[in-house]
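Sequence lines set the chain letters: A, B, ... in the order given, protein chains first and strands last, and positions in each chain run from 1. Any value given below was found using the heavy atoms of this structure, including those in side chains, with hydrogens, waters and symmetry copies removed.
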Amino acid sequence: MYRLEPELFDLNYTLDCGQVFRWERDGDWWTGVVGENVVRLLQEKESGSLLVDSELSPEFFSHYFRLDDNLPSIYESINRDLLIDRAINRYRGLRLIRQDPWECLISYMLATASSIPTIQKRIFLLSRFFGQELEDGYFSFPNPETLANADLSLLDRCKLGFRAERIKTAAEEVCSGELDFDALFRLEYRYARERLMRLRGIGEKVADCVLLFAFEKMESFPVDTHIRQIIQHYHIDDSFFETCTNLSCMGEWGREYFGHYCGYAQEYLYYQKRIEGFVSLY
DNA sequence: AGCCAGGCGGTCA
DNA sequence: TGACCGCATGGC
């Protein structure tokens, strides 16, 4: 157990906002599986310091929680209107997380047309059946080889529905090296996106989530049902939307409107909408 | 019961 | 291209 003193960081918002699915809260403590490690974290209310119960190093968490991001500077760059301004101030300290590419890829393939509790349940079952037990009740995320070789009847027990075949195929591509994570890191956003979208089960939204949360593409702007509703409800920038109604166009708009760190803007808007619905700006 | 959830892929005009 | 539909599952 050790202590970290992160600046401008809110653990609760960061783990609760819906970007990760394997952290659970019990009182003030969060427990999660990161790689082969079971991790417990608590942030003290007054001091803001982080209590870490884990084998992983301080440097790891600094990297994992993107403490290297200059948040004030990012806030300044994305603060374009009253709605995002409110979200930034209300959920101050929410940071994006650097997720493991493989786990992130499969998780968001399993997230299509599902509520967050359902997604969490699928990943829990998948880990329980195909991962390795780390300590009592906690399992690692299954590796690509295991999922590539799993038979569909077993995958079915994880309640994946029509997503089962898709993740098996994706796992096979990762195993064979046909899908190369290192290459995705090096590719520019739009090319990495095109590459991911060649997989069955990955459209614009899933590709954007994976690129944002695992491949350092801050200029991703995932347009899910909440973001679509926000844009339609507030008529942000309505001169643009006279000619733009579909989801693809909304993504393009987000990148233009919020700039390079639009991924951060997206996450704040998404969380605010999930927690508070359509907020009043008066 | 019916609709929606961090959607995608196919079809049909 | 744009609108509609089926796809499994679960929560409300």
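- Looking at heavy-atom distances under 4.0 Å, A:Ile202 makes contact with sugar-phosphate atoms alone, never a base.
- With 3.5 Å as the limit, one finds a donor-acceptor pair spanning the side chains of A:Gln272 and A:Arg86.
- Rounded to an integer number of Å, the gap from CZ of A:Arg163 to C1' of C:dG6 is 13 Å.
- The CG-P distance, from A:Leu126 to C:dT9, rounds to 15 Å in whole Å.
- A:Thr118 comes within 4.0 angstrom of sugar-phosphate atoms only, judged by non-hydrogen atoms across all strands, and of no base.
- A:Leu247 has its CG atom 10 Å from the P atom of B:dG7, to the nearest Å.
- When each of A:Glu103, A:Gln99, A:Gln120 is paired with A:Val20, the side chain to side chain contact (heavy atoms under 4.5 Å, CB included) condition holds for A:Gln99 and for no other.
- Distances shorter than 4.0 Å separate some side-chain N or O of A:Thr225 from OP1 or OP2 on B:dA5.
- In summary, the side chains of A:Thr169 and A:Glu173 do not present any donor paired with an acceptor at a separation below 3.5 Å, with no hydrogens or angles considered.
- Closest contact between the side chain of A:Phe162 and the listed nucleotides B:dC8, B:dA5, C:dA8 involves C:dA8.
- Checked against B:dA5, C:dG2, B:dG9, the side chain of A:Arg200 finds its nearest nucleotide in B:dG9.
- Separating the P atom of C:dC4 from that of B:dC3 is a span of 15 Å, rounded to the nearest Å.
- Between A:Met250 atom CE and C:dG2 atom C1' the separation is 14 Å, expressed in whole Å.
- Considering only side-chain atoms of A:Arg122, the nucleotide from C:dG2, C:dA8, B:dG9 that sits closest is C:dA8.
- Among the atoms of the strands shown, none is found under 4.0 Å from any heavy atom of A:Tyr271.
- If you check every strand for non-hydrogen atoms under 4.0 Å, A:Leu160 touches nothing.
- Per the geometry, NZ belonging to A:Lys121 stands 15 Å off C1' belonging to C:dC12, to the nearest Å.
- You'll find that the side chain of A:Asn246 is closest to C:dT1, out of C:dG10, C:dC7, C:dT1.
- Atom C1' of nucleotide C:dG6 and atom CZ of A:Arg166 are separated by 11 Å, given to the nearest angstrom.
- Nearer to the 5' terminus of DNA chain B, by closest-nucleotide assignment, is the contact made by A:Gln19 (compared with the other of A:Leu199 and A:Gln19).
- Across all strands, A:Gly18 comes closer than 4.0 Å to base atoms (heavy-atom distances).
- Geometrically, A:Arg157 engages A:Phe129 in a cation-pi contact, judged by NZ or CZ lying under 6.0 Å from the ring centre and within 45° of the ring axis.
- Closest-nucleotide positions on DNA chain C for A:Thr112 and A:Ser115 were compared, and the one nearer the 5' end corresponds to A:Thr112.
- A:Leu212 comes within 4.0 angstrom of nothing in the nucleic acid, heavy atoms only.
- At a threshold of 4.0 angstrom between heavy atoms, the contacts of A:Arg274 with the nucleic acid are absent.
- Straight-line distance between the P atoms of C:dC5 and B:dG2: roughly 16 Å, to the nearest whole Å.
- As a whole-Å value, the separation of A:Glu165 CD from B:dG9 P is 13 Å.
- Backbone-only contact: A:Lys159 has heavy atoms under 4.0 Å from sugar-phosphate atoms and none from a base.
- A donor-acceptor pair is defined here as one N or O able to donate and one able to accept, closer than 3.5 Å; no such pair exists between the side chain of A:Arg193 and the backbone of A:Asp208.
- Side-chain proximity of A:Ala113 to C:dG2, C:dA8, B:dG9: nearest is C:dA8.
- The separation between A:Glu204 atom CD and C:dG2 atom C1' is 14 Å, rounded to whole Å.
- Using a 4.0 Å cut-off, no side-chain N or O of A:Gln120 falls inside it from OP1 or OP2 of B:dA5.
- Side chain to side chain, A:Tyr271 and A:Asp16 meet the donor-acceptor criterion of an N or O pair below 3.5 Å.
- There is a side-chain donor-acceptor pair under 3.5 Å between A:Ser114 and A:Arg122.
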